Student: 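Provided herewith is a single structure, encoded as C-alpha cells, for subsequent inquiry.
Keep in mind the model is a prediction, meaning the values are calculated, not measured. A, B, ... follow the sequence lines: proteins, then strands. Residue 1 opens every chain.
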Amino acid sequence: DAGVTQTPRHEVAEKGQTIILKCEPVSGHNDLFWYRQTKIQGLELLSYFRSKSLMEDGGAFKDRFKAEMLNSSFSTLKIQPTEPKDSAVYLCASSLRTDYEQYFGPGTRLTVL
Amino acid sequence: GQQVQQSPASLVLQEGENAELQCNFSTSLNSMQWFYQRPGGSLVSLFYNPSGTKHSGRLTSTTVIKERRSSLHISSSQTTDSGTYLCALEPPGFASALTFGSGTKVIPCLP
C-alpha cells in the first residue's frame, strides 16, 4: 500500500507568487490534514478535512492559505500571495478516522525569496 | 497556555544508556501519538497510545490519563536513535487534528 505522497518535494518561490502543493492520502483514509513545520513554531495545523468536508481551518492562516479536497484521493494547498515568512516544511497527513493514528507524507520544503 | 509540554528539550545519550522522554498535557485527550523525525525527514509514527503501555522493540510508550502524562522509554540506546521525538495529542470528540509538543532532540554522545 502506498503511503501519503506529496509533490513537489522542494519549491522555491519569489515573494508574491502563487504556489500549489499537492497531497494524495493513503487509499481509503477519510481524514486529511495539512500542517506546517518551522523551527520556531514547531508543527501547526493549517487545515483538516473529514470525508472531503473542511472541519477546521487554522485561524491564523485563513487569509492567504486555501486548502481544497475535490475528491477523496487528492488535496491541494494554495498559498497566494507567498511571503518570505511562509518558508517552512508543509506536511500532509491522513488517518482512517478518529481513534486511528495519522500517517505523514514526506513533506514539501518551501523557500520564499 | 501550551496544551502539550514535552521534556527534556534535548538529551545526550551514550550508546547502551536508557532514556525517558515525557509529555504532559493540560486538556483531556482521545489518544497520544509519538513520532520520530530525522533532520530533514518526515514524521514516522512510533505509537498510537490512548492509555496504558505499548512496546515496540527497544521502545515503550506509557500513557496515564489520570496523571495527564505520556512517556517514551528508549532502552539500550544506539547511535541510530538520534533525531527528534515528538508527542502529539489527539483531542476527544470529532476534532482529530493533533496538537504537537515541541520535541526532544536526542543527540549521540560520541566517544
Student: Return the minimal non-hydrogen interatomic distance between B:Ser45 and A:Gln102, and the atom names on each side.
Tutor: CB-O, 4.3 Å
Student: Tell me the closest heavy-atom pair linking A:Phe104 and B:Leu43, and the distance in Å.
Tutor: CB-O, 3.7 Å
Student: Following the transitive rule for hydrophobic clusters with a side-chain heavy-atom cut-off under 4.5 Å over Ile, Leu, Val, Met, Phe, Trp and Tyr, establish whether A:Phe33 and B:Tyr48 coincide in one cluster.
Tutor: no
Student: First locate atom CD of B:Gln33, then atom OH of A:Tyr103, and finally report the distance between them rounded to the nearest 0.5 Å.
Tutor: 8.0 Å
Student: Linking I/L/V/M/F/W/Y whenever any side-chain heavy atoms sit under 4.5 Å apart, do B:Val64 and B:Leu29 land together?
Tutor: no
Student: What about B:Leu72 and B:Val12, same hydrophobic cluster or not, with Ile/Leu/Val/Met/Phe/Trp/Tyr joined at side-chain heavy-atom distances under 4.5 Å?
Tutor: no
Student: From B:Ser102 OG over to A:Ile40 CD1, what is the distance, rounded to the nearest 0.5 angstrom?
Tutor: 13.5 Å
Student: Which atoms form the tightest heavy-atom contact between A:Pro106 and B:Ser42, and what is the distance?
Tutor: CA-CB, 3.6 Å
Student: Could you report the tightest heavy-atom contact between A:Arg109 and B:Gly40, atom names first, then the distance?
Tutor: NH2-CA, 4.1 Å
Student: Side chain, backbone, both or neither: which part of A:Gln37 has a non-hydrogen atom closer than 4.5 Å to chain B?
Tutor: side chain
Student: Using a 6.0 Å cut-off, check whether atom NZ of A:Lys66 has over 12 heavy atoms from anything other than its own residue.
Tutor: no
Student: Supply the atom-to-atom distance A:Glu101 CD to B:Phe35 CZ, rounded to the nearest 0.5 angstrom.
Tutor: 7.5 Å
Student: Measure B:Leu86 against the heavy atoms of chain A and call it side chain, backbone, both or neither at under 4.5 Å.
Tutor: side chain
Student: Any chain of hydrophobic side-chain contacts (each under 4.5 Å) joining A:Leu96 to A:Trp34?
Tutor: no
Student: Do A:Tyr100 and A:Tyr48 share a hydrophobic cluster (ILVMFWY, side-chain heavy atoms under 4.5 Å, transitive)?
Tutor: no
Student: For A:Tyr35 and B:Phe100, work out which heavy atoms get closest and say how close.
Tutor: CE2-CE1, 3.8 Å
